[in-house]
Amino acid sequence: MDMSTLFKSIVSVCFPKAEIVADKFHVQRLVNWAFEDIRKDVQKYFAKQRRIYFKHSKTLLLKNMDELTEKQFEQVSHMLELSDRLAKAYYLMQEFRKVLNSDTVEEAKLNLSNWYMHVGVTDENDFKRFHACVYTFTTWQHEILNAFSTGLSNGYTEGCNNRIKVIKRAAYGFRNFKRFRKRILHIMTA
(Lines give C-alpha, C1' and ligand atoms only; values in the text may rest on other atoms or scores of the structure.)
Protein backbone atom coordinates (compact mmCIF):
# COMPACT_ATOMS: atom_id res chain seq x y z
CA MET A 1 0.00 0.00 0.00
CA ASP A 2 0.99 3.62 -0.20
CA MET A 3 1.93 5.19 3.11
CA SER A 4 -1.53 6.30 4.17
CA THR A 5 -2.12 6.20 7.91
CA LEU A 6 -5.85 5.81 7.25
CA PHE A 7 -5.33 2.68 5.11
CA LYS A 8 -2.89 1.31 7.66
CA SER A 9 -5.30 1.79 10.57
CA ILE A 10 -8.17 0.15 8.65
CA VAL A 11 -6.00 -2.83 7.64
CA SER A 12 -4.72 -3.19 11.22
CA VAL A 13 -8.30 -3.36 12.52
CA CYS A 14 -9.83 -5.52 9.78
CA PHE A 15 -6.84 -7.77 9.15
CA PRO A 16 -4.79 -7.80 12.36
CA LYS A 17 -2.49 -10.63 11.18
CA ALA A 18 -1.77 -9.08 7.75
CA GLU A 19 1.80 -8.08 7.00
CA ILE A 20 1.72 -4.51 5.63
CA VAL A 21 4.14 -3.69 2.80
CA ALA A 22 4.91 -0.12 1.77
CA ASP A 23 5.06 0.11 -2.02
CA LYS A 24 8.55 1.08 -3.26
CA PHE A 25 7.11 3.39 -5.93
CA HIS A 26 5.31 5.49 -3.31
CA VAL A 27 8.39 5.56 -1.11
CA GLN A 28 10.59 6.82 -3.98
CA ARG A 29 7.91 9.31 -4.99
CA LEU A 30 8.18 11.08 -1.62
CA VAL A 31 11.92 11.56 -2.16
CA ASN A 32 11.32 12.75 -5.74
CA TRP A 33 8.78 15.29 -4.47
CA ALA A 34 11.31 16.55 -1.92
CA PHE A 35 13.86 17.02 -4.72
CA GLU A 36 11.26 18.70 -6.94
CA ASP A 37 10.42 21.22 -4.21
CA ILE A 38 14.05 22.26 -4.04
CA ARG A 39 14.43 22.35 -7.84
CA LYS A 40 11.39 24.63 -8.13
CA ASP A 41 12.63 26.86 -5.32
CA VAL A 42 16.14 27.14 -6.76
CA GLN A 43 14.99 27.85 -10.32
CA LYS A 44 12.84 30.79 -9.13
CA TYR A 45 16.03 32.82 -8.76
CA PHE A 46 17.29 32.14 -12.27
CA ALA A 47 16.78 34.33 -15.33
CA LYS A 48 13.73 33.44 -17.43
CA GLN A 49 15.57 31.44 -20.10
CA ARG A 50 17.49 29.34 -17.56
CA ARG A 51 14.33 28.85 -15.47
CA ILE A 52 12.51 27.48 -18.53
CA TYR A 53 15.47 25.22 -19.31
CA PHE A 54 15.37 23.78 -15.78
CA LYS A 55 11.62 23.30 -15.99
CA HIS A 56 11.97 21.36 -19.25
CA SER A 57 14.86 19.32 -17.80
CA LYS A 58 12.75 17.99 -14.93
CA THR A 59 12.65 14.40 -16.25
CA LEU A 60 16.39 14.46 -16.90
CA LEU A 61 17.08 15.48 -13.30
CA LEU A 62 14.70 12.82 -11.94
CA LYS A 63 16.27 10.07 -14.05
CA ASN A 64 18.44 7.50 -12.32
CA MET A 65 22.06 8.67 -12.63
CA ASP A 66 23.17 5.19 -13.74
CA GLU A 67 20.84 5.40 -16.73
CA LEU A 68 22.10 8.76 -18.03
CA THR A 69 23.92 8.87 -21.34
CA GLU A 70 27.27 10.67 -21.45
CA LYS A 71 25.64 13.78 -22.92
CA GLN A 72 22.82 13.72 -20.34
CA PHE A 73 25.34 13.29 -17.52
CA GLU A 74 27.19 16.36 -18.78
CA GLN A 75 23.93 18.36 -18.89
CA VAL A 76 23.02 17.34 -15.35
CA SER A 77 26.52 18.17 -14.11
CA HIS A 78 26.30 21.68 -15.57
CA MET A 79 22.88 22.23 -13.97
CA LEU A 80 24.11 21.06 -10.57
CA GLU A 81 27.13 23.40 -10.74
CA LEU A 82 24.74 26.35 -10.63
CA SER A 83 23.37 25.60 -7.17
CA ASP A 84 25.00 23.89 -4.22
CA ARG A 85 21.57 23.31 -2.65
CA LEU A 86 20.26 21.63 -5.80
CA ALA A 87 23.40 19.49 -6.02
CA LYS A 88 22.93 18.31 -2.41
CA ALA A 89 19.25 17.53 -3.05
CA TYR A 90 20.19 15.60 -6.21
CA TYR A 91 22.79 13.65 -4.24
CA LEU A 92 20.21 12.76 -1.56
CA MET A 93 17.72 11.62 -4.19
CA GLN A 94 20.32 9.46 -5.95
CA GLU A 95 21.58 8.04 -2.64
CA PHE A 96 18.04 6.98 -1.74
CA ARG A 97 17.93 4.82 -4.86
CA LYS A 98 20.59 2.64 -3.20
CA VAL A 99 18.01 1.81 -0.55
CA LEU A 100 15.46 0.63 -3.11
CA ASN A 101 18.08 -1.27 -5.11
CA SER A 102 19.14 -3.28 -2.06
CA ASP A 103 19.02 -7.04 -2.44
CA THR A 104 18.32 -8.00 1.17
CA VAL A 105 16.45 -6.59 4.13
CA GLU A 106 19.72 -6.13 6.03
CA GLU A 107 21.31 -4.22 3.15
CA ALA A 108 18.19 -2.05 2.79
CA LYS A 109 18.18 -1.31 6.52
CA LEU A 110 21.87 -0.31 6.42
CA ASN A 111 21.38 1.88 3.32
CA LEU A 112 18.31 3.49 4.86
CA SER A 113 20.13 4.38 8.09
CA ASN A 114 23.04 5.78 6.01
CA TRP A 115 20.53 7.88 4.07
CA TYR A 116 19.06 9.17 7.35
CA MET A 117 22.56 10.34 8.34
CA HIS A 118 23.10 12.07 4.97
CA VAL A 119 19.84 13.98 5.41
CA GLY A 120 20.64 14.68 9.05
CA VAL A 121 23.72 16.75 8.18
CA THR A 122 21.71 19.08 5.91
CA ASP A 123 20.13 22.31 7.09
CA GLU A 124 16.60 21.54 8.22
CA ASN A 125 15.25 24.85 6.85
CA ASP A 126 16.69 24.33 3.36
CA PHE A 127 15.77 20.64 3.16
CA LYS A 128 12.41 20.51 4.99
CA ARG A 129 10.84 17.92 2.68
CA PHE A 130 13.83 15.58 3.01
CA HIS A 131 13.64 15.84 6.80
CA ALA A 132 9.90 15.12 6.53
CA CYS A 133 10.79 12.02 4.47
CA VAL A 134 13.09 10.82 7.26
CA TYR A 135 10.28 11.24 9.78
CA THR A 136 7.82 9.35 7.53
CA PHE A 137 10.31 6.60 6.73
CA THR A 138 11.22 6.04 10.39
CA THR A 139 7.50 5.75 11.15
CA TRP A 140 6.99 3.32 8.25
CA GLN A 141 10.39 1.60 8.38
CA HIS A 142 9.04 -1.86 9.21
CA GLU A 143 6.57 -1.70 6.29
CA ILE A 144 9.24 -0.35 3.92
CA LEU A 145 11.61 -3.16 4.85
CA ASN A 146 8.79 -5.69 4.33
CA ALA A 147 8.97 -4.83 0.62
CA PHE A 148 12.42 -6.44 0.55
CA SER A 149 11.47 -9.56 2.47
CA THR A 150 8.23 -10.22 0.54
CA GLY A 151 9.14 -8.87 -2.89
CA LEU A 152 5.59 -7.54 -3.24
CA SER A 153 4.78 -4.45 -5.29
CA ASN A 154 1.72 -2.45 -6.26
CA GLY A 155 3.12 -1.93 -9.76
CA TYR A 156 0.65 -4.09 -11.67
CA THR A 157 -2.38 -2.61 -9.89
CA GLU A 158 -1.12 0.95 -10.42
CA GLY A 159 -0.56 0.16 -14.11
CA CYS A 160 -4.12 -1.17 -14.48
CA ASN A 161 -5.47 1.89 -12.72
CA ASN A 162 -3.56 4.14 -15.11
CA ARG A 163 -4.84 2.27 -18.19
CA ILE A 164 -8.44 2.65 -16.97
CA LYS A 165 -7.93 6.38 -16.44
CA VAL A 166 -6.51 6.73 -19.96
CA ILE A 167 -9.53 4.88 -21.44
CA LYS A 168 -11.89 7.15 -19.53
CA ARG A 169 -10.00 10.30 -20.53
CA ALA A 170 -9.79 9.29 -24.20
CA ALA A 171 -13.55 8.72 -24.33
CA TYR A 172 -14.35 12.01 -22.54
CA GLY A 173 -16.31 9.95 -20.04
CA PHE A 174 -18.82 7.16 -20.61
CA ARG A 175 -22.57 7.52 -20.26
CA ASN A 176 -23.15 3.79 -20.26
CA PHE A 177 -21.32 1.88 -17.52
CA LYS A 178 -21.72 -1.49 -19.31
CA ARG A 179 -19.87 -0.12 -22.38
CA PHE A 180 -17.17 1.35 -20.16
CA ARG A 181 -16.73 -2.00 -18.41
CA LYS A 182 -16.60 -3.89 -21.73
CA ARG A 183 -14.00 -1.45 -23.07
CA ILE A 184 -11.83 -1.96 -19.97
CA LEU A 185 -12.10 -5.75 -20.21
CA HIS A 186 -11.29 -5.63 -23.93
CA ILE A 187 -8.19 -3.46 -23.41
CA MET A 188 -6.96 -5.44 -20.41
CA THR A 189 -7.20 -8.79 -22.20
CA ALA A 190 -5.61 -7.55 -25.42
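The figures here come from the full heavy-atom set of this structure, side chains too, leaving out hydrogens, waters and symmetry mates.
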- Item | Shared hydrophobic cluster, Val121 / Phe137 (ILVMFWY, side-chain heavy atoms < 4.5 Å) | no
- Measure from NZ or CZ of Arg50 to the centre of the six-membered ring of Tyr53, then state whether that distance is under 6.0 Å and the direction lies within 45° of the axis. no
- Go through the side-chain N and O atoms of Gln72 and Lys63 and say whether any donor and acceptor fall under 3.5 Å apart. yes
- Pairwise side-chain contact, Arg129 with Ile38, heavy-atom cut-off 4.5 Å (strictly under): no
- Message: For the residue pair Lys88 and Phe130, would you count it as a cation-pi contact if the rule is NZ or CZ under 6.0 angstrom from the ring centre and within 45 degrees of the ring axis?
- Response: no
- Query: Do Tyr116 and Gln141 meet the criterion of a side-chain donor-acceptor pair at a distance under 3.5 Å?
  - Reply: yes
- Taking 4.0 angstrom as the limit, do Lys109 and Glu106 come out as a salt bridge? no
- Query: Would Ile20 and Phe7 satisfy side chain to side chain contact (heavy atoms under 4.5 Å, CB included), going step by step from the backbone distance to the final call?
  - Reply: CA-CA 10 Å; Ile20 298 173; Phe7 286 166; over 6 Å; no
- Message: For the residue pair Glu158 / Asn162, report whether a side-chain donor-acceptor contact shorter than 3.5 Å exists.
- Response: no
- Message: So Phe148 and Asp103, do their side chains get closer than 4.5 Å, heavy atoms only?
- Response: no
- Message: Is any side-chain heavy atom of Val31 closer than 4.5 Å to one of Leu92?
- Response: no
- Item | Under 3.5 Å side-chain donor-acceptor pair for His131 and Thr122 | yes
- Message: When you group the ILVMFWY residues by side-chain heavy-atom contacts below 4.5 Å and let the links chain together, are Val105 and Val27 in the same group?
- Response: yes
- Message: I'd like to know if Met93 and Tyr135 are part of one continuous hydrophobic network [Ile/Leu/Val/Met/Phe/Trp/Tyr, side-chain heavy atoms within less than 4.5 Å].
- Response: no
- Step through it carefully: locate the ring centre of His118, locate the ring centre of Phe96, and say whether they are under 6.0 Å apart. no
- Task: Please answer: with hydrophobic residues joined when any side-chain heavy atoms are less than 4.5 Å apart, are Met1 and Leu100 in the same cluster?
- Result: yes
- Query: Do Met3 and Glu143 have side chains that get closer than 4.5 Å, going by heavy atoms?
  - Reply: no
- Message: Any heavy-atom pair between the side chains of Ser149 and Thr104 that's under 4.5 Å?
- Response: no
- Item | Distance (rounded to the nearest 0.5 Å) between Leu82 CG and Tyr45 OH | 15.5 Å
- Measure from the side-chain N and O atoms of Trp115 to the backbone N and O of Val99, and report whether any donor-acceptor pair falls under 3.5 Å. no
- Item | Side chains of Thr59 and Leu62 in contact at under 4.5 Å (non-hydrogen atoms) | no
- Message: I'd like to know if Arg39 pairs up with Glu36 as an ion pair, taking the criterion as any Lys NZ or Arg NE/NH1/NH2 lying under 4.0 Å from an Asp or Glu carboxylate oxygen.
- Response: yes
- Message: One pair to check against salt bridge (Lys or Arg N to Asp or Glu O under 4.0 Å): Arg85 and Asp41. What are the steps and the verdict?
- Response: CA-CA 10 Å; Arg85 184 172 171 223; Asp41 190 47; 2.5 Å; yes
- Heavy-atom donor-acceptor pair, Thr150 side chain to Leu152 backbone, under 3.5 Å: yes
- Query: So if you build clusters from Ile, Leu, Val, Met, Phe, Trp, Tyr with side-chain heavy-atom gaps below 4.5 Å, do Phe25 and Val166 land together?
  - Reply: no
